[in-house]
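These notes concern the structure reproduced below.
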Amino acid sequence: MTHPLVPHALRVLRRTQESHDTFTLEAEAPEGFAFSAGQFNMLHVPGVGECAISISGSPRRPGRLVHTIRVVGEVTRHLSALRSGDELYVRGPFGSPWPVERAHGQDLLLVAGGIGLAPLRPALYAALARPKRVRRVALAFGARSADDLLFARELERFRAQGATVGVTVDRATEGWQGPVGVVTKLLPELVVDPPSTVAFLCGPEIMMRFAARELERLGVAAEDVWVTLERNMKCGVGTCGHCQLGPYLICRDGPVFRYPRVSRLMTIREL
Ligand SMILES: Cc1cc2nc3c(=O)[nH]c(=O)nc-3n(C[C@H](O)[C@H](O)[C@H](O)COP(=O)(O)OP(=O)(O)OC[C@H]3O[C@@H](n4cnc5c(N)ncnc54)[C@H](O)[C@@H]3O)c2cc1C
């Protein structure tokens, strides 16, 4: 896209309702657009505001720009009203990617809580697209209830492509036959070879802290655990300072960090 501070108008191709409060927008990406798994865009709603949203599509299909969005406030509510044919205003891509290449020859474990599966999905696509590079791929996914599960049908496809997928819910609703409880409970089964495991975590910070602690207990090196941090951000390019956390600007230095670099900062709440 031309200038990092100027939103680019893209045509919405498809809107999919994923759950009661979450939807996916697919838009036609500009010519030559490329991104890496874990990067995000700033989505702009004229006259309303902007918010950071991770790219949830495949890096191997850069022509389709995909975002999965949970409605929490004004900007996301307006984005939710967009339909096929409407214009979506986008700046990006920004931020540091998931280091998928660090899992080459190793096991890759993705731990997602709720909407956290959306920023992880491109890493999953990337790892499954080249099965010989990553030894084993596993996903631990926790949602509030079965009604909050994202990409439910696609989870089957990931299994068919060789990933081990564990899903748990906080609260069982009628018909749910899977595990109930926090996502960390799935980890002992999914971590097969701890010293050769690289883990990417995305979800509420408390979930990431507990998951990182459990991975350490299981023998995964803290250096091999990566997290993504969310703070309210404005410019996206490390200029305004809105998303500063300790010595870092999350938009420029993150959002993906090696866990030990940010573990203590993660306890600092946003004002
Ligand atoms: C790098 C990055 C990637 C993101 N990716 C996604 C994504 O893929 N999908 C998605 O649905 N959301 C994502 N988010 C979160 C999204 O940017 C916020 O929810 C955004 O503020 C929504 O804007 P809004 O105007 O609708 O709500 P707002 O009015 O801004 O916020 C509603 C409530 O959420 C709180 N809040 C807002 N943003 C944050 C934040 N970043 N951290 C903690 N609390 C916050 C506000 O204080 C308020 O209470 C991402 C955030 C970051 C920083």
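We count ligands from 1, going down the list as the structure has it; atoms in each ligand are counted the same way. All residue numbers in this chain count up from 1 along the given sequence.
Remark: ligand 1 and Arg77 share no N or O pair separated by less than 3.5 Å (distance only, no angle test). Remark: ligand 1 and Val75 share an N or O pair separated by less than 3.5 Å (distance only, no angle test).
With a 6.0 Å radius and a threshold of 12 heavy atoms from other residues, nucleotides or ligands, Glu189 has its CD atom at or below the threshold. Heavy-atom neighbours of Ile206 CD1 from other residues, nucleotides or ligands within 6.0 Å: at or below the threshold of 12. Arg83 CZ: more than 12 foreign heavy atoms inside a 6.0 Å radius.
The proximity of Ile115 to ligand 1, defined as any non-hydrogen pair under 4.0 Å, is limited to the side chain. Here Met233 has side-chain heavy atoms under 4.0 Å from ligand 1, and that is the only part of it that gets that close. Residue contacts with ligand 1 for Val71 are absent, since no atom lies close enough (heavy atoms, distance under 4.0 Å).
Exactly one residue among Glu28, Glu26, Glu87 makes a salt bridge (charged side-chain N to carboxylate O under 4.0 Å, His left out) with Arg11. That residue is Glu87.
A salt bridge links Asp193 with Arg135; the closest basic N to acidic carboxylate O contact falls under 4.0 Å. With respect to the salt-bridge test (charged N to carboxylate O, under 4.0 angstrom), the residues Arg213 and Glu216 do not qualify.
Residue Ile69 approaches ligand 1 through these ligand atoms, each under 4.0 Å from one of its heavy atoms: 11 (O). Within the listing of ligand 1, atoms 22 (C), 24 (P), 26 (O) sit less than 4.0 angstrom from a heavy atom of Thr76. Within ligand 1, counting atoms from 1 as listed, the ones closer than 4.0 Å to a heavy atom of Arg70 are 10 (C), 11 (O). Each of the atoms 7 (C), 8 (O), 9 (N), 10 (C), 11 (O) of ligand 1 lies under 4.0 Å from some heavy atom of Thr68. Of all atoms in ligand 1, numbered sequentially from 1 with element shown, those under 4.0 Å from a heavy atom of Phe40 are 1 (C).
The CG atom of Leu117 sits 8.5 Å away from atom CD of Glu154, with the distance rounded to the nearest 0.5 Å.
For atom 2 (C) of ligand 1, the nearest non-hydrogen atom from the set Gly116, Gly114, Ala52 comes from Ala52. Closest heavy-atom approach to atom 39 (C) of ligand 1 within the set Asn41, Ile250, Ile55, Asn232: this belongs to Asn232.
In this structure, Tyr248 has its ring center under 6.0 Å from that of Phe257.
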